[in-house]
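To start, the structure under review is shown below, and the notes come after it.
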Amino acid sequence: MTHNPIQTSLVDFDAVDSGASCIYGPVKSWRLGSSLGMDLLLNHSICSFNCVYCQLGDIQVKTAERKIYVPTEKVEHDLRLSDWETADLVTISGNGEPTLALNLGEVLQVIREYTAKPSTVLTNATLLNDPAVRADLNYADHVACKLDAASDVVLQRMNRPVAGIDMTSIVSGIKALRQSYDGKLSLQCMFMPTNHDDVDALVELVKDLDLDEIQLNTPKRPYPMSWLVENRGNHGEAIVESRVLKTISEDEAQRIESLFGDATQGRIPLISIYR
Ligand code: SF4
């Protein structure tokens, strides 16, 4: 197996010592099918966003700095012990933003070589201006980018990014990825009353992105009041004290779907959580 050398000095050894597995599931996903979850962050919730609807709750480590949180050797070990053969695909998301993991590309190569299953990376698209991140994502079969806002006002209200991230940088990152990436590129849009004001502008913005699919969502999972590693694979059931979030109605979801359909003239497949 030919991996690029990894700087072990950058490894967060706390994450290695916890005994938790990097693998969870397979879980049924309305968007993806039977999906084996892979978590490259593991011991804390770690993200460059702190979304108001995050199933992990209030993000513990808010950062845009890439480093190795879990060595590739541990990820590979946990993968071999998992129920990977029954899954349709492997999805890297877990306890936060997976592109923060400096060994993302190496792990994607492990998935390809060991399981021969397709891989999906769920990203908040905040690091896509980094050529090294885009190079890592070239090893994924599918990249799904989050985009919930069209203005910096709503971005701050909905996604609460770390300093230095704004709409201009996010959109330019998605466009840069599209130029270099030949795999399937999806957009994931979460809708709730918080981003209602940006719906029309978001529809306009999407016209300029050369996408293969748009996923329309609303937060059906509760917002946990504390972090547990199990939150990463939680598909609806409250496992810690949590609060239910405001969603959009089915009528509003259909209206939004029609707006996207009209704007893209039916050229881009739309998937809605309500269908
Ligand atoms: S980008 Fe994902 S992991 Fe990060 S805060 Fe938002 S929902 Fe949570």
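Keep in mind it's a predicted model, so treat the numbers as computed, not measured. Residue numbers run from 1 in the order of the sequence given. In listed order, ligands and their atoms are each counted from 1. Side-chain atoms are counted along with the backbone in the values below, which use heavy atoms only and exclude waters and symmetry mates.
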Kindly indicate, with the supporting measurements, whether the criterion side chain to side chain contact (heavy atoms under 4.5 Å, CB included) is fulfilled by Arg134 and Tyr181. CA-CA 8 Å; Arg134 298 198 301 273; Tyr181 178 66; over 6 Å; no

Rounded to the nearest 0.5 Å, how far does SG of Cys51 lie from OH of Tyr223? 9.5 Å

Could Asp141 and Lys117 be called an ion pair, given the rule that one side-chain N must be under 4.0 Å from one carboxylate O? no

Just do the side chain to side chain contact (heavy atoms under 4.5 Å, CB included) check on Thr99 and Leu104 with the steps written out, would you? CA-CA 7 Å; Thr99 62; Leu104 174 64; 4.1 Å; yes

Please list, in chain and residue-number order, the protein N/O/S atoms closer than 2.8 Å to atom 8 (Fe) of ligand 1. Cys54 SG

Does the pair Leu209 and Arg178 meet the rule for a side chain to side chain contact (heavy atoms under 4.5 Å, CB included), with working shown? CA-CA 8 Å; Leu209 305 176; Arg178 178 70 294 178; over 6 Å; no

Give me the nearest non-hydrogen protein atom to atom 2 (Fe) of ligand 1 as residue plus atom name, then the distance to 0.1 Å. Lys146 CE, 3.9 Å

Heavy-atom closest pair, residues Thr218 and Ile248: OG1-N, 3.1 Å

